[in-house]
Amino acid sequence: QVQLVESGGGLVQAGGSLRLSCAASGRTFSNYGMGWFRQAPGKERVFVSAVSGSGGVTKYADSVKGQFTISRDNAKNTVYLQMNSLKPEDTAVYYCGVSRYISATVYHESYGYWGQGTQVTVSS
């Protein structure tokens, strides 16, 4: 059984930084791409960033390019999302997912498992 546990969310002022972590268990972690999605109140869940199984390929939504950095440590079965220069519009619940594929994928339907989410609130 795959389990994902996110952490690192919180309240931060605009311009600040947070680092989200997602600890995974239940399978050979390096065989699967991982991703972060976010869902703001009243809106659908949208893609933020993804990383391939090896960590060699990363993808970002246009809205966070140059602002967020995804990485993974397969020895620790953990994926990270470093978020810098945060803006109020980054406020959302952030979800970590495990892809069905080894590649970095942007499609929500490609993810088979999700964490419980972690709240990020950016105040102006």
Side-chain angles (χ1 to χ4, degrees):
Q1 182 73 12
V2 174
Q3 290 189 323
L4 302 172
V5 179
E6 299 108 331
S7 61
L11 173 64
V12 63
Q13 289 188 332
S17 298
L18 286 173
R19 189 176 81 153
L20 305 183
S21 299
C22 174
S25 62
R27 60 173 47 179
T28 304
F29 187 63
S30 59
N31 289 344
Y32 298 92
M34 301 284 292
W36 289 95
F37 286 66
R38 66 186 181 187
Q39 186 168 17
K43 297 186 177 181
E44 63 182 19
R45 191 177 299 188
V46 297
F47 170 75
V48 174
S49 184
V51 61
S52 62
S54 67
V57 177
T58 57
K59 295 183 179 180
Y60 297 92
D62 287 343
S63 58
V64 305
K65 279 181 182 176
Q67 182 189 358
F68 290 3
T69 302
I70 192 170
S71 62
R72 66 189 294 165
D73 184 339
N74 286 340
K76 295 182 179 180
N77 287 351
T78 301
V79 63
Y80 305 96
L81 186 68
Q82 177 67 44
M83 307 187 295
N84 298 329
S85 303
L86 284 162
K87 311 166 189 174
E89 51 264 43
D90 294 317
T91 295
V93 177
Y94 284 70
Y95 295 91
C96 169
V98 179
S99 171
R100 296 185 177 92
Y101 313 105
I102 197 169
S103 58
T105 178
V106 308
Y107 302 107
H108 186 275
E109 57 269 27
S110 297
Y111 290 79
Y113 297 94
W114 296 96
Q116 81 287 353
T118 185
Q119 176 71 48
V120 171
T121 303
V122 184
S123 63
S124 57

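Side-chain atoms of Val98 and Arg27, non-hydrogen and from C-beta on, do get closer than 4.5 Å to each other. Counting only heavy atoms from C-beta outward, the side chains of Trp114 and Glu6 never approach each other to under 4.5 Å.
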Please table the atom pairs, donor to acceptor, closer than 3.5 Å between any side-chain atom in residues 75-82 and protein atoms at least two apart or in another chain.
unit_1: Thr78; atom_1: OG1; unit_2: Lys76; atom_2: O; d: 2.8
unit_1: Gln82; atom_1: NE2; unit_2: Asn84; atom_2: OD1; d: 2.9

Atom pairs and distances, donor-acceptor, side-chain atoms in residues 117-124, under 3.5 Å, two or more places apart:
unit_1: Thr118; atom_1: OG1; unit_2: Gly9; atom_2: N; d: 3.2
unit_1: Gln119; atom_1: NE2; unit_2: Ala92; atom_2: O; d: 3.4
unit_1: Gln119; atom_1: NE2; unit_2: Thr121; atom_2: OG1; d: 3.3

Only pairs under 3.5 Å count here: list side-chain donor-acceptor contacts from residues 35-44, not counting sequence neighbours, and write none if there are none.
unit_1: Arg38; atom_1: NH1; unit_2: Asp90; atom_2: OD1; d: 2.9
unit_1: Arg38; atom_1: NH1; unit_2: Tyr94; atom_2: OH; d: 2.9
unit_1: Gln39; atom_1: NE2; unit_2: Lys43; atom_2: O; d: 3.1

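In this structure, CZ in Phe47 is found 10.5 Å from OG in Ser110, a value given to the nearest 0.5 Å. For the atom pair CD of Glu89 and CG of Leu86, the computed distance is 10.0 Å after rounding to the nearest 0.5 Å. If you take OH on Tyr113 and CE on Met34, they are separated by 12.5 Å, rounding to the nearest 0.5 Å. Taken from OH in Tyr60 to OG in Ser49, the straight-line distance is 4.5 Å, to the nearest 0.5 Å. With rounding to the nearest 0.5 Å, the separation of OH in Tyr95 from CG in Leu4 is 13.0 Å. Atom CG of Leu18 is separated from atom CZ of Phe68 by 9.0 Å, given to the nearest 0.5 angstrom.
Applying the side-chain contact (heavy atoms from CB on, under 4.5 Å) criterion to Ser30, with sequence neighbours excluded, gives Thr28, Asn74.
The two residues Leu20 and Met83 come nearest to each other via the heavy atoms CG-CE, 3.7 Å. Heavy atoms only, all atoms of each residue included: Tyr111 and Ala50 are closest at OH-CB, 3.5 Å.
Sequence neighbours left out, not one pair with a member in residues 99-113 passes salt bridge (charged side-chain N to carboxylate O under 4.0 Å, His left out). Identified under the disulfide bond (SG atoms under 2.5 Å apart) test for residues 4-52, with sequence neighbours left out: Cys22-Cys96.
Connection of Val48 to Val106 is not established within any shared hydrophobic cluster, with ILVMFWY side chains joined at heavy-atom distances below 4.5 Å, either directly or through further cluster members.
The backbone N or O of Tyr101 lies less than 3.5 Å from a partner atom in the side chain of Ser99, making a donor-acceptor pair.
Taking the ring centre of Phe29 as origin, the terminal cationic atom of Arg72 falls inside the region bounded by 6.0 Å and 45° from the ring axis.
Crowding of Gln116 atom CD: a count of heavy atoms from other residues, nucleotides or ligands under 6.0 Å exceeding 12.
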